[in-house]
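Heads up: the structure comes next, in structure tokens.
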2 protein chains.
Amino acid sequence: MSGPEDPLLITNVAVAVDLAIFTIREQRLQLLLIRRSLAPFRGRWALPGGFVLPGEDIDAAAERELREETGVQRDAAHLEQLATYGAPRRDPRGRVVSVAHLALVADAATPVAGTDAAESRWADVADLPHLAFDHDRIVADGLDRARAKLEYTTLATSFLPTTFTLAELRSVYEIVWGAQLDPANFRRKVLASDGFVVPAAGGPTVHGRGRPAARYEAGGATVLHPPLLRPT
Amino acid sequence: MSGPEDPLLITNVAVAVDLAIFTIREQRLQLLLIRRSLAPFRGRWALPGGFVLPGEDIDAAAERELREETGVQRDAAHLEQLATYGAPRRDPRGRVVSVAHLALVADAATPVAGTDAAESRWADVADLPHLAFDHDRIVADGLDRARAKLEYTTLATSFLPTTFTLAELRSVYEIVWGAQLDPANFRRKVLASDGFVVPAAGGPTVHGRGRPAARYEAGGATVLHPPLLRPT
DNA sequence: CGTTTTATGGTCAGATTGACTCTAAAAGGA
DNA sequence: TCCTTTTAGAGTCAATCTGACCATAAAACG
């Protein structure tokens with residue numbers, strides 16, 4: 001593009017980042033919500049987010065927000081840009097362009113505490129309230145992205161702690177996709193995918209019931225060849 | 001996110017859209033470039049783009065730019081948001097956040113004429129000059145996206161006119177992926193993909209050499225089940 | 001100590017894939 | 001006209017992959 005040659009064309013635009021932060025808790029896919037304490041949409045639930053600071057990179061702003069809201073460091077979670085939402089009237093106070101991000105975090109590492117005072121909670125994705133602004137759409141887009149990316153990337157491991165069993169990994173897929181997978185076939189495909197998972201050092205788990213499962217950790221791979229397709 | 005509660009936080013940010021417009025001409029994947037007539041990067045090639053007007057939706061701005069640069073209407077091409085680039089120093093004049101878009105257009109419908117005066121050309125993707133701003137990265141990201149989306153969507157048809165032969169469709173894949181595909185196997189997979197292509201009304205083509213091929217047109221499908229994976 | 005539960009290894013028929021072969025239908029040249 | 005060249009399109013076949021199962025292993029529970 002070109003620069004602001006004509007200052008008259010420059011709208012006073014504010015740039016924000018909003019985060020759709022997903023995790024899996026209690027066997028359910030959940031999303032972090034913040035209750036707005038200010039107008040507009042005061043009292044309404046919304047995605048965590050905030051303005052990009054002067055001189056701050058957009059990616060850095062997203063990382064900062066993720067850290068502020070969950071205490072999660074960049075390397076302990078997956079964070080990627082989702083899409084940018086800039087309809088003229090999406091914020092009644094003025095032109096605000098929001099660069100939405102998708103974050104996947106592990107359960108253990110995401111206390112709701114540590115937030116900047118505002119009330120927050122993990123909400124079941126299957127039972128979300130109507131959100132402020134255009135955040136309903138952002139969440140829908142984020143869900144689509146997450147579900148699709150499980151097929152051809154190793155992203156599912158982002159929902160899990162450092163080491164995990166194949167049953168836990170399968171559970172991630174089942175919860176995100178809302179479909180049952182055959183344990184034996186899932187194992188075969190995952191183990192055949194080069195670099196998806198590698199055996200972890202420690203011994204088996206004590207899961208409580210059933211035969212203890214071997215522990216694995218994420219391998220170096222980030223894309224899956226071939227993909228692990230959703231059941232039709 | 002929340003609104004501009006503190007006016008001091010609002011940087012004077014300009015929002016632009018930049019377009020990576022790909023087409024296939026002369027059996028090569030090409031990208032539309034504009035030569036900058038103003039500083040910065042004056043004389044350097046860059047992606048077409050411009051500022052989002054006050055009150056204009058970002059998507060609308062992208063459609064407008066596409067129309068201005070190529071004369072292509074929205075429905076005759078594929079246009080999607082790619083990513084947003086907002087590093088603080090990406091534009092030396094000030095903070096400019098660019099919402100990059102990816103466009104795929106058919107050859108016939110894209111004259112370089114009709115442009116707003118600036119010099120423009122189609123450049124081979126394999127032989128691009130060093131572009132202004134961070135446009136090299138935008139192009140690389142757009143290429144990755146396009147190559148990946150050919151696998152699991154019917155996007156390849158966007159490069160072709162309304163009706164086309166399977167050889168032409170295969171050629172799109174081969175040019176974008178830079179790999180040869182077996183004609184017979186390609187045909188089998190495409191015809192087996194429900195709604196990818198449907199036979200066109202008109203008779204066969206006279207291609208010049210060889211047996212004339214049947215004409216097809218894009219079917220209603222937009223995603224491919226199963227995907228048409230790149231050769232390994 | 002038997003029952004239940006889950007992990008993990010195998011089996012098998014059917015579907016899919018990649019590599020090829022064969023025929024059809026045109027153009028171009030001798 | 002007839003032969004050669006070229007590409008479209010149908011078909012074959014072995015290797016691989018997939019989904020649906022079955023079987024055994026290793027724990028907890030009563």
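Every chain is numbered from 1 and lettered A, B, ... according to where its sequence line falls, protein lines coming before strand lines.
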Using a 4.0 Å heavy-atom cut-off across all strands, classify B/Ala167 as base, sugar-phosphate, or nothing.
sugar-phosphate
Measure up the A/His135 and A/Phe133 rings against each other and bin them: parallel (under 30°), tilted (30 to 60°), perpendicular (over 60°).
tilted
To the nearest Å, how far apart are B/Glu168 CD and D/dT7 C1'?
13 Å
Take atom NE2 of A/His225 and atom P of C/dT17, then tell me their distance rounded to the nearest Å.
16 Å
Any B/Arg188 side-chain N or O less than 4.0 Å from OP1/OP2 of C/dT17
no
Pick the closest DNA chain D nucleotide for B/Ala214 and for A/Pro231 by heavy atoms, then say which residue is nearer the 5' end.
B/Ala214
Ion pair check, B/Glu63 and B/Arg67, cut-off under 4.0 Å
no
Under 4.0 Å between a side-chain N or O of B/Arg170 and OP1 or OP2 of D/dA8?
yes
Spacing between A/Phe186 atom CZ and D/dC17 atom C1', to the nearest angstrom
17 Å
Given D/dT6, D/dA8, C/dA7, identify the nucleotide with an atom nearest to the side chain of A/Ala213.
C/dA7
Atom CD of B/Glu174 and atom P of D/dT7 are separated, to the nearest Å, by 12 Å
Around atom CZ of A/Arg137, are there more than 12 heavy atoms from other residues, nucleotides or ligands closer than 6.0 Å?
no
Does a donor on one side chain and an acceptor on the other come within less than 3.5 Å for B/Tyr85 and B/Asp141?
yes
Would you tell me if any nitrogen or oxygen in the side chain of B/Lys189 comes within less than 4.0 Å of OP1 or OP2 on C/dT17?
yes
Tell me: CG of A/Asp182 to C1' of C/dT6, nearest whole Å?
13 Å
Is there a side-chain contact between A/Arg209 and the phosphate of D/dA28, meaning an N or O under 4.0 Å from OP1 or OP2?
no
Between atom CZ in B/Arg187 and atom C1' in C/dA24, what is the gap in whole Å?
12 Å
Which nucleotide in the list C/dA25, D/dC21, D/dA26 gets nearest to the side chain of B/Pro212?
C/dA25
Starting the side chain at C-beta, find the nucleotide from C/dG18, D/dT7, D/dC21 nearest to B/Asn185.
C/dG18
Would you mind reading off the distance between A/Leu224 atom CG and D/dT18 atom P, rounded to a whole angstrom?
12 Å
A/Arg211 vs C/dT8: side-chain N/O to OP1/OP2 distance below 4.0 Å
no
A/Thr84 and side-chain contact (heavy atoms from CB on, under 4.5 Å): which single residue from B/Thr84, B/Val97, B/Val17 fits?
B/Thr84
A/Leu181 has an atom CG; how far is it from atom C1' of D/dA20, in whole Å?
14 Å
